[in-house]
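Take a look at the structure below.
Please read these numbers as outputs of a predicted model, since none were measured by experiment. Chain identifiers are assigned alphabetically (A, B, ...) following the order of the sequence lines, protein sequences preceding nucleic acid strands; residue numbering begins at 1 within each chain.
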Number of protein chains: 2
Amino acid sequence: MRVGAVVLDRQSVVPLYYQIQQGLSEQIRSGELKPGALMPSEQEIAARLGVSRMTARQALKSLCSRGLAFSQRGRGTFVSRMKLEKNFRQLLSFSEEMKDRGSQPRSRVLAFRKIHPGEDVVEALHLNPAEEVILLRRVRMADSAPLCVEATHLPARLCPDLLENFEPSGSLYRALAEQYGLQVHMADEVAEASIATEAEAKLLRVREKSPVFRFMRTAYLHNGQPIEFVKSIYRGDRCRVVNRLTRQLENRQLSSSVLVQGGG
Amino acid sequence: MRVGAVVLDRQSVVPLYYQIQQGLSEQIRSGELKPGALMPSEQEIAARLGVSRMTARQALKSLCSRGLAFSQRGRGTFVSRMKLEKNFRQLLSFSEEMKDRGSQPRSRVLAFRKIHPGEDVVEALHLNPAEEVILLRRVRMADSAPLCVEATHLPARLCPDLLENFEPSGSLYRALAEQYGLQVHMADEVAEASIATEAEAKLLRVREKSPVFRFMRTAYLHNGQPIEFVKSIYRGDRCRVVNRLTRQLENRQLSSSVLVQGGG
DNA sequence: CAGTGGTCTAGACCACTGG
DNA sequence: CAGTGGTCTAGACCACTGT
C-alpha cells in the first residue's frame, strides 16, 4: 500500500480525487494491491498526499462504486476479490463493442431513409403523432461473418440532415456526438430468446429456426430525452449477454432494519 | 419545489442526507416534482433545512446515482424524464422476483444433495480441488406453470448442515442470510439464446426445440467471495430480460477530452 | 452579473472493529 | 483502546450557465 507512489499534480485541471483514484486503480491493476488486500485508509491517504480526508474519501468511494473495492465500517477499505475483467456491460455502440472485443466491425446497409414510424417506435421515442424518424437498417458483421441485423430509429427532429451528413457504415454514436452534440447517456434494453425467421436466417447466414436474441433498446440523453430506438436480432451462436447485477437493499430490507428505528 | 415540505428528524439514527433524499424522491414519485422540473438547488436545500451544503449535495447526488435526477453544472439539478418503472434489474432471488411481478412462486425439487462438482462449478466458486458443493435442482413455477429449471451450487464449507436446515421449496437467499449471515451482494450473469433439449422441454412443458434462455450466474458476497453458482434454463415465451445500461465515459472519451489537458 | 454545481479544506462527533 | 469508515459543518474558490 505505497500511497507515496501516487503523484499529484496540483496545477492540473484533473480533480485531485480523480488523480488519487487513478493511481490506486493502477496499483490494483498492476497487482501491487492484491485482491482482498487492505487499501490505505482515508486518513493515511490524506496525510501522505497532503489532501483533506474528504478528498481521499471521494477517491476511495469512487473505487467502490466502480466495483474495484469495498468498505467496511470500523475495518477499512479492501480490494475486491471479484474477477474484474471488462465483464459487466456498458452502453456501447456496435463499433465500440467490436473494438473492445478486438474484432473488426463492418456493416452492410440495407436501408437509410426517413419514414413514418410504427406505434412501438412512436411510444419508445415519445414522438408526436405525425413526426418522422430516420431509419437505418444494417447487417452488422464481426470479422467478416454476420453477427446481427439492426434497425435503428432516430427522431428526425433531433438530427436534421443526418441522411446527408452521415456515412452509414460508420459509428453512429460518434456522429451524433460530433455533429449534433447529442451525448448518449444510458439505455433500457429488453432481450428475448427466439428463433430466426426465414428472412433473418438468410441475412445472418444461419439455418432457419436457429436460436437468436431479439433486442429492443431505447437510448436516452443525459436529460432523459429518448434519442434512439433499436430493434436487433443477434445470432445465438455468436454472442452471449454478460451482465452484472447488484443487490441494492436501499428500499428493500433496509426499510425493515435501519430505517424503521428512526421513523424516517 | 417545496423543500419546506421535507421534515427532518435530527434525533433519528437515519442520516440527514438520507431523510432529504427520501423526501425529494417522494415528491418525485407523487408528481409534485414533475419530470424535467428544476429541483431545489444545493444552497436552497441547505438554507431551508438548516443543513450544510455538503449534506444537501449528498442527497441530490444519491438521487442522481439512482437515476431519478441529473445535474448540469451552472444550470441546476433536474428531475429525470426517464420512464422510471422498476424496469432495470436488481439481483433478486427467484422468490423475490416473482413477488415483484405479483406472481405466486412455487418449486418442485428435483435434487437436493452434496456432490463433487464439475470443472465449471469449481472455477466459478473458486473451490479447492476436492471440495464438495450442495446441489439444489428445482423446477420453478409462476402461477402454476413452469418457468425455468434451475441448478444451484453452494460451497458446502460456507453453509454446513444446509441439507438439514433448509426447506428446499423456500427462499434460499433468506436462509443464507438468516442462518449463516451470508449476504449476497452482487452477481455476474451470462445469458445465451438457445433451444430446449428433449428433457428440458418435458420439465418446462414446452415443445422440443422451443426457444429458451440459458443463464449462468455467479453470486458474490460483499467481499467478493463467490457464494452461489446457478445454471438455469428459462422458457423463452414466458420471460424477457430487462437491463439498464449506462455509458461511463470515465476511461473512454474522458481521457481524450478533459484528462489530457492536465497530463493526468 | 448572480446563481449553479464541482471541488476542496480543516476541522468535528459517532458507531463500529480489532486487539 | 486506537484505528476505521459514516456523517456533518461552515466556510472557500472555480467554471459554467443564464440574462
Separation of K61(A) atom NZ from dT7(D) atom C1', in whole Å?
10 Å
Check whether any side-chain nitrogen or oxygen of R10(B) sits under 4.0 Å from OP1 or OP2 of dT9(D), and answer yes or no.
yes
Roughly how many Å is it from CD in Q58(A) to P in dG6(C), rounded to a whole number?
10 Å
Within the 4.0 Å heavy-atom criterion, would you say Q72(B) contacts the bases, only the backbone, or no part of the nucleic acid?
sugar-phosphate
Measure the shortest side-chain to side-chain distance between I20(A) and L8(A) over non-hydrogen atoms and say whether it is less than 4.5 angstrom.
yes
May I ask you to evaluate whether S71(A) reaches the phosphate of dT4(D), defined as a side-chain N or O under 4.0 Å from OP1 or OP2?
no
Less than 4.5 Å apart, any side-chain heavy atom of H185(B) and any of Y220(B)?
no
Taking the minimum atom-to-atom distance to the side chain of R53(A), which one of dC8(D), dA15(D), dG6(D) wins?
dG6(D)
Between dT7(D) atom P and Y17(B) atom OH, what is the distance in whole Å?
4 Å
Nucleotide dG6(D), atom P - distance to CE of M54(B) in whole Å:
14 Å
With a 4.5 Å limit on heavy-atom distance, are the side chains of L68(A) and S80(A) in contact?
no
Assign each of G74(A) and T55(A) the nucleotide of DNA chain C bearing its closest heavy atom; nearer the 5' end lies the nucleotide of T55(A)
Can you tell me which residue among V133(B), L162(B), L136(B) is in a side chain to side chain contact (heavy atoms under 4.5 Å, CB included) with L154(B)?
L162(B)
Whichever of A56(B) and E42(A) has the more 5' nearest nucleotide on DNA chain D, that residue is E42(A)
Looking only at side-chain N and O atoms, does S62(A) offer a donor or acceptor that is under 3.5 Å from a partner on S65(A)?
no
Separation of dT4(C) atom C1' from I45(B) atom CD1, nearest Å, is 12 Å
Step through the shown structure and confirm whether more than 12 heavy atoms of other residues, nucleotides or ligands are within 6.0 Å of CZ on R157(B).
yes
Could you state the CZ-C1' distance from R57(B) to dA10(D), rounded to the nearest angstrom?
16 Å
Hits for ring-ring contact (aromatic ring centres under 6.0 Å, His included) against Y173(A), two or more places apart or cross-chain, chain-then-number order -> none
Bracket string, DNA chain C, 5' to 3' - pairs by Watson-Crick or G-U geometry under 3.5 Å, | interstrand
.|||||||||||||||||.
Over how many whole Å does the gap from L49(B) atom CG to dC8(D) atom C1' extend?
14 Å
Whole angstrom is fine here: how far is it from CZ in R75(B) over to P in dC16(D)?
15 Å
If you check the S41(B) side chain, which of dT4(C), dA15(D), dT7(C) turns out closest?
dT4(C)
Could you check whether L60(A) gets within reach of a base, just the sugar-phosphate, or nothing at all, counting any heavy atom under 4.0 Å?
nothing
